[in-house]
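What follows is a short report on a single structure.
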Amino acid sequence: MSRKRAAPEEDKSKSVKRGSFNPSWQNGLEVSLKDTASHLYSDELVVIIRDKFPKAKHHFLLLPQACIDNLELLDESHVMLLEHMIEKGKDFAKTNIEPKTKNSVRLGFHMVPSMSHLHMHIISQDFDSIYLKNKKHWNSFASPFFRDAESVLEILKKNGKASIDKKKGEELLKQPLRCHVCKELPANIPRLKEHIKRHDKDRS
DNA sequence: GTTCTAGAAC
DNA sequence: GTTCTAGAAC
């Protein structure tokens, strides 16, 4: 028998995709929110879960319980919520991430998120992960595409909103690969991954 | 968000 | 020839 791969299971997905602008993967976080068994922390306002494809040794997502799609929908009334998100995110990092790496943890949002439901990343800066595979992955965490939660909070306080610049986001994802520690410019992803191992050794 | 893979880059 | 990236997925 000469066949390259198993036959594609077309029928299974068609019913979902056809006539729907919101493919199921975009709603993954809504599903996780309802799956209380996956909650590592929860209170009346927020939930913390593991990122399904962690891009570093420690990578979690903190989501509000309320159905807020993205940063664009925040206004003055959400300042306290965002402060709570940051506080609980920091607490979680302090107690759940080993001391060696906890100093380099960042809390923040993607400039243009792929998935529905507002989510704040809690991610260590080693970027040691088999799931970090391409330029988009890298730039979404190591370029200004990653917006620190504290800066977003300041902007929200100042302007009463935290708008999304989609065009700027798309440009940032296409920027050359740049080491987040020493600003070196590795030629490709394998070389970048080899390069950042050095900084990990420097720290330990 | 991921998977898959054509063809660019080496 | 092999490695690597980048765009389609109905």
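Everything numeric here is computed off the predicted structure, so don't read it as measured data.
With sequence neighbours left out, A:Gln65 forms a side-chain contact (heavy atoms from CB on, under 4.5 Å) with A:Leu33, A:Ser42, A:Val47. A:Ser151 pairs by the side-chain contact (heavy atoms from CB on, under 4.5 Å) definition with A:Asp148, not counting sequence neighbours. A:Phe53 is linked by a side-chain contact (heavy atoms from CB on, under 4.5 Å) to A:Asp51, A:Lys55, A:Tyr131, counting only residues two or more places apart in sequence or in another chain. A search for side-chain contact (heavy atoms from CB on, under 4.5 Å) contacts involving A:Lys52 returns nothing, not counting sequence neighbours.
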Do any side-chain atoms of residues 156-173 of chain A form donor-acceptor pairs under 3.5 angstrom with protein atoms, and if so which ones, sequence neighbours left out?
from, atom 1, to, atom 2, distance (Å)
A:Lys157, NZ, A:Glu83, OE2, 3.4
A:Asp165, OD1, A:Lys167, N, 3.4
A:Asp165, OD1, A:Lys168, N, 3.1

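At the heavy-atom level, A:Phe53 lies under 4.0 Å from the strands shown only through sugar-phosphate atoms. At a threshold of 4.0 angstrom between heavy atoms, the contacts of A:His110 are confined to the sugar-phosphate backbone, with no base atom among them.
Atoms CD (A:Glu194) and P (C:dT3) sit 15 Å apart, rounded to a whole Å. The CD1-C1' distance, from A:Ile49 to B:dG1, rounds to 12 Å in whole Å. Going from atom CG of A:Asp51 over to atom P of B:dG1 covers 8 Å, rounded to whole Å. As rounded to whole Å, 6 Å separates atom P of B:dG1 from atom NZ of A:Lys136. Atom CG of A:Leu63 and atom C1' of B:dG1 are 14 Å apart (whole Å). Rounded to whole angstrom, the span from the CD atom of A:Glu30 across to the P atom of B:dG1 amounts to 15 Å. Computed from coordinates, the A:Trp25 CH2 to C:dA8 P distance equals 14 Å when rounded to whole Å.
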Strictly under 3.5 Å: I want the nitrogen or oxygen pairs between protein and nucleotides 4-7 of chain C, one per line.
from, atom 1, to, atom 2, distance (Å)
C:dT5, OP1, A:Ile189, N, 2.7

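Listed by first and then second residue, the ring pair (Phe, Tyr, Trp, His ring centres under 6.0 Å) pairs that reach into residues 59-91 of chain A are A:His59-A:His121, A:His59-A:Phe141, A:Phe60-A:Phe92, sequence neighbours excluded. Applying the ring pair (Phe, Tyr, Trp, His ring centres under 6.0 Å) definition to pairs two or more places apart or across chains, those involving residues 151-182 of chain A are A:Phe127-A:His180, A:Trp138-A:His180.
Taking a pair as Watson-Crick or G-U wobble with both distances under 3.5 Å, DNA chain C forms stems of 3 or more consecutive pairs at B:2-10 with C:1-9.
Two residues are said to be in side-chain contact when any heavy atoms from C-beta on lie closer than 4.5 Å; A:Leu118 and A:Asp69 fail this criterion.
Side chain of A:Asp126 to main chain of A:Asp200: no donor-acceptor pair is present (N/O by atom type, distance under 3.5 Å, no hydrogens or angles).
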